[in-house]
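Reminder, nothing fancy here: chain letters follow the sequence lines and each chain counts from 1. From a predicted model like this one, the values you see are computed outputs, not experimental measurements.
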2 protein chains.
Amino acid sequence: MRPQGPRNTRQRILEAAETAFGNEGYSGTRLHHIAERVGVQKASLFHYFTSKEHLYCAVLDEGAGQAEEIVKHVLESEGEPIDKIRALLRVCIDMVVTYPERTKIQLRQSLGDAPPGFQPTDASERMLCLVADLVASDELAKSLSPIDPFAFVLGLMGMVAFFFTSGPVVAPSWFGQQDAASVRDRIERHVNEVMERCLDGQSHAAKSSAVL
Amino acid sequence: MRPQGPRNTRQRILEAAETAFGNEGYSGTRLHHIAERVGVQKASLFHYFTSKEHLYCAVLDEGAGQAEEIVKHVLESEGEPIDKIRALLRVCIDMVVTYPERTKIQLRQSLGDAPPGFQPTDASERMLCLVADLVASDELAKSLSPIDPFAFVLGLMGMVAFFFTSGPVVAPSWFGQQDAASVRDRIERHVNEVMERCLDGQSHAAKSSAVL
DNA sequence: GTCTATATAGGGATAGAC
DNA sequence: GTCTATCCCTATATAGAC
């Protein structure tokens, strides 16, 4: 999935930066480390990017572009809405598993981790809306009953991101001594099950309101 | 809910630090800012805490202690398991809403944001296990069918944390021009509904496996 | 396009007066 | 217990040779 073959220095810097920003955060990332990993001197980075902030933004753009492409591809494909939803969950998990650091960057950013003068785009929100619109389409809306389509999408996405990035740290024993493939499989099955139960569950408003 | 009344300097430093570490991350936090917010000089912080790392750990301990207390209180109360689960979800949301920065710190930490030599405790995992054990109790296990109790708890927790901390940044328009109370209400209803549908949904293994 | 060397700033931490 | 002043290190960024 990840692009292979010989990459130019710029590309290798971008990849090293993605790893660093994801694992260390924006402030925690040292350009020195990025240069080290690429195998060049720190000063060389400034030949490709004018500043740390510029590098950060370039990493972000790269990721956002790919994500948008993939989601649109699914949305524009042939098929029933319900199948598209299932496919979207799958590609979402694919993205998170293939680019864990990228996911971490996005999570960090949503916690406020970004360069001082950084302006977040509404690209991710527009994508969320597209998916939410699909969920709200006639057929699905019936089975969803009173669940807010947008909250449904946002919540599942958050759950997926949390499982793969935070999960291993919060609950190492559960993820434990297993290979990445079977961990992914377990999580994927679980999230799928949650989604399906949400999708064709009847309203439990009676129970829910009894709780309040 | 938040302790009121006159607080000593130490306490005010801890609170300011919690805010800073949550919003800026460990590396992004400047001791200068914390001192500023408290209204003392930077050097004064070192009278109470020997280092930035020490301060960070103190903030963490404070939060972990309170959380453990609250969860244990619910677990040891009288009542049906199902009602305890509902109560736990409620207190979890309470915690996140009351101490958003504390939640952010925990999320950040699970992404790898911590002092260089920091050793995470397994306190949160032990708590998760206690709750998962409750979910796995005879009565509940039946209705849960093939859902992994631990994944169930972990996933819901992640969803709640994500909704309140990342949600407003990722999807500002959805949280939009509403007061905090109604936003909380919407999210709480949604997560409750998801939980209920998971709890009494039948297995959809047939459907799920068709997806794979 | 990559290097060495250096400028500049900012932040954590300490010393010591009050 | 709080302050002022300062040390020391590290990190971003620049200059200029090759």
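One interatomic measurement links the two molecules: CG of A:Asn8 to C1' of C:dG1, which rounds to 12 Å at whole-angstrom precision. Regarding B:Lys52, its NZ atom lies at a distance of 15 Å from the P atom of D:dT10, rounded to whole Å. When the C1' atom of D:dT14 is taken as reference, atom CZ of A:Phe46 falls 9 Å away, rounded to whole Å. Between B:Ile34 atom CD1 and C:dA13 atom P there is a gap of 11 Å when expressed in whole angstrom units. Atoms OH (A:Tyr26) and P (D:dA11) sit 14 Å apart, rounded to a whole Å. One interatomic measurement links the two molecules: CG of A:Leu31 to P of D:dT10, which rounds to 16 Å at whole-angstrom precision. If you measure from atom CD of A:Glu53 to atom P of D:dA13, you get 9 Å, rounded to the nearest angstrom. Between the CG atom of B:Leu45 and the C1' atom of D:dT4 there is a distance of 15 Å, rounded to whole Å.
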Under 3.5 Å, N/O pairs linking protein and nucleotides 2-6 of chain C:
| residue | atom | partner | partner atom | Å |
| --- | --- | --- | --- | --- |
| C:dT2 | OP1 | A:Thr9 | OG1 | 3.3 |
| C:dT2 | OP2 | A:Tyr48 | OH | 2.4 |
| C:dC3 | OP2 | A:Gln41 | N | 2.6 |
| C:dC3 | OP2 | A:Ser44 | OG | 2.8 |

Please tabulate the protein-to-nucleotide N/O contacts below 3.5 Å involving nucleotides 16-18 of chain D, giving atom names and distances.
none

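For the residue pair B:Ser110/A:Ser166, the side-chain donor-acceptor check at 3.5 Å is satisfied.
Residue-to-nucleotide proximity on DNA chain D shows that, of A:Arg30 and A:Thr50, the 5′-proximal contact is made by A:Arg30.
Considering only residues two or more places apart in sequence or on other chains, B:Arg126 meets the salt bridge (charged side-chain N to carboxylate O under 4.0 Å, His left out) condition with B:Asp122. Considering only residues two or more places apart in sequence or on other chains, B:Asp61 meets the side-chain contact (heavy atoms from CB on, under 4.5 Å) condition with none of them. Contacts of A:His33 classified as ring pair (Phe, Tyr, Trp, His ring centres under 6.0 Å), with partners at least two apart in sequence or in another chain: none. For the side-chain hydrogen bond (donor to acceptor under 3.5 Å, both in side chains) test, residues two or more places apart in sequence or in another chain that qualify with B:Gln11 are B:Glu62. Not counting sequence neighbours, the partners of B:Tyr26 by the ring pair (Phe, Tyr, Trp, His ring centres under 6.0 Å) test are B:Phe21, B:Tyr56. The ring pair (Phe, Tyr, Trp, His ring centres under 6.0 Å) check on A:His54 picks up A:Phe49, with sequence neighbours excluded.
Of the candidates A:Arg12, A:Arg102, A:Arg37, A:Lys104, A:Glu18 forms a salt bridge (Lys or Arg N to Asp or Glu O under 4.0 Å) with just one, namely A:Arg102.
Within 4.0 Å (heavy atoms only), B:Ser27 reaches no atom of the nucleic acid at all.
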Donor-acceptor contacts under 3.5 Å from residues 71-78 of chain A side chains, at least two apart:
| residue | atom | partner | partner atom | Å |
| --- | --- | --- | --- | --- |
| A:Lys72 | NZ | A:Glu68 | OE2 | 3.3 |
| A:Ser77 | OG | A:Val74 | O | 2.6 |

